[in-house]
Number of protein chains: 2
Amino acid sequence: MVAGPLPTPSGPGKDRLRLWVRLLRASRSIEAELRERLRQEFNTTLPRFDVMAALYRAPEGMLMSDLSRFLLVSNGNVTGIVDRLVSEGLVARARRNGDRRTSMVRLTEEGSKTFAVIAAAHESWIGELLGNVSEDEARRLTGMLNSFRSNWEGRE
Amino acid sequence: MVAGPLPTPSGPGKDRLRLWVRLLRASRSIEAELRERLRQEFNTTLPRFDVMAALYRAPEGMLMSDLSRFLLVSNGNVTGIVDRLVSEGLVARARRNGDRRTSMVRLTEEGSKTFAVIAAAHESWIGELLGNVSEDEARRLTGMLNSFRSNWEGRE
DNA sequence: TTATGAAACTTCAAGCTTGAAATAATTTGC
DNA sequence: GCAAATTATTTCAAGCTTGAAGTTTCATAA
């Protein structure tokens, strides 16, 4: 949607529609800024950062399907991103004995070090970009977002 | 980012980081659902819907660069989407006498009719997907999102 | 067994997205 | 007037994204 400021329609449901538009514009703006900084400062991309962030939380590794589910993207998508991270030496696939269809994906030593540096910058960027949301307000907003997420998530 | 529930880190700035993660997950989930429905029910895509929504609000038409700025996407991106909408007969480019570099882009008659139908469905989907946010809560959330948007938007 | 079905991935075509380079038209400064 | 800078747009290569189709492996059960 990303509809805008001018007409300001009213009627039943318009407040929710407006909320959605703001939500989308906010996340797109911030995403664009993060994307740009990741490219400029670390020569990487948001999808790669996302995958590394997921793997960083899982030292034992994750299956491709775990990654796909966690990141809310398709299976085929993850394949490509992991391929690129592997070719950069940041991530490794480990064939498993138990089930030869699957492979555990994890950060390499280098991947882990690299991610730690990027993540620190990332967190400070978020602090900056959301600078005029107080920590208290942040907590309240987070709670509200949770409440509507639980409504329908995991349905499709 | 889209980091997740498990570790729940704490420290300075963590509340903002958590807010960002929730924000992103919420908008991605809803976006994915809208995308799916647009495809299934109307055989179209979110980017096309976005462009049509922008043009619907501007009967006199918009320049490519207006569209690009308004939708927060690159120039080259808009070119491709408009090309496809033109080939579907939903949008038209009109060369201008004044400045021959530019062209006014607007919805065709058919595009306008088509969009009205899709937009009605879209609005009801939003009502459904954000169903357990009260209208009142929606207004408050919208206000909060505004406040942090104004902080840094239009900087880059 | 062994076929039949399900599960985990990968591949593929089409479309979206970006940033950079190329084109074309207009504006500015001399 | 005219070269130089600016503006509006398109083109391009690379990467992201999806849904569908294809592969390989595993699980089930007749």
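Quick note on labels: first sequence line is chain A, next is B, and so on, each numbered from 1.
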- Item | Phosphate OP1/OP2 of C/dC9: any A/Asn75 side-chain N/O under 4.0 Å | no
So the side chain to side chain donor-acceptor pair (under 3.5 Å) pairs with at least one residue in residues 80-96 of chain B (sequence neighbours excluded) are B/Arg48-B/Glu88, B/Asp83-B/Arg93, B/Arg96-B/Thr102
Next item on the list: Return no unless some side-chain N or O of B/Arg100 is found under 4.0 Å from OP1 or OP2 of C/dT26.
Entry: yes
Around atom CD of A/Glu60, are there more than 12 heavy atoms from other residues, nucleotides or ligands closer than 6.0 Å?
yes
Residue B/Asn43 excluded, over 12 heavy atoms near CG under 6.0 Å
no
Practice prompt. Would you tell me if any nitrogen or oxygen in the side chain of A/Asn77 comes within less than 4.0 Å of OP1 or OP2 on D/dT18?
Written response: yes
DNA chain C nearest-nucleotide lookup for A/Gln40 and A/Val78: closer to the 5′ end is A/Val78
### Distance below 4.0 Å between B/Arg35 side-chain N/O and C/dC16 OP1 or OP2
no
Has B/Thr102 got a side-chain N or O lying under 4.0 Å from the OP1 or OP2 atom of D/dA8?
no
Rounded to the nearest 0.5 Å, the OG1 atom of B/Thr142 sits from the CD atom of B/Glu137 at a distance of 10.5 Å
Query raised in the report: Is there a donor and acceptor pair, one atom on the side chain of B/Arg101 and one on the base of D/dT7, closer than 3.5 Å?
Result: yes
To the nearest angstrom, the CG-P distance between A/Leu63 and D/dT25 comes to 16 Å
Among the nucleotides C/dC16, D/dT9, D/dT25, whichever has the atom closest to the side chain of B/Arg84 is C/dC16
Quiz item: Any side-chain N or O of B/Ser65 less than 4.0 Å from the OP1 or OP2 oxygen of D/dT7?
Solution: no
*asked:* For a quick test of reading the model: is some side-chain N or O of B/Arg93 closer than 4.0 Å to OP1 or OP2 of D/dT10?
replied: yes
Note to self: If the cut-off is 4.0 Å, is A/Arg39 near the phosphate of C/dA20, judged by side-chain N/O to OP1 or OP2?
What the structure shows: yes
Of the candidates D/dT17, D/dT10, C/dT26, the side chain of B/Met64 sits closest to D/dT10
Of the candidates C/dT10, D/dC26, D/dT11, the side chain of B/Thr79 sits closest to D/dT11
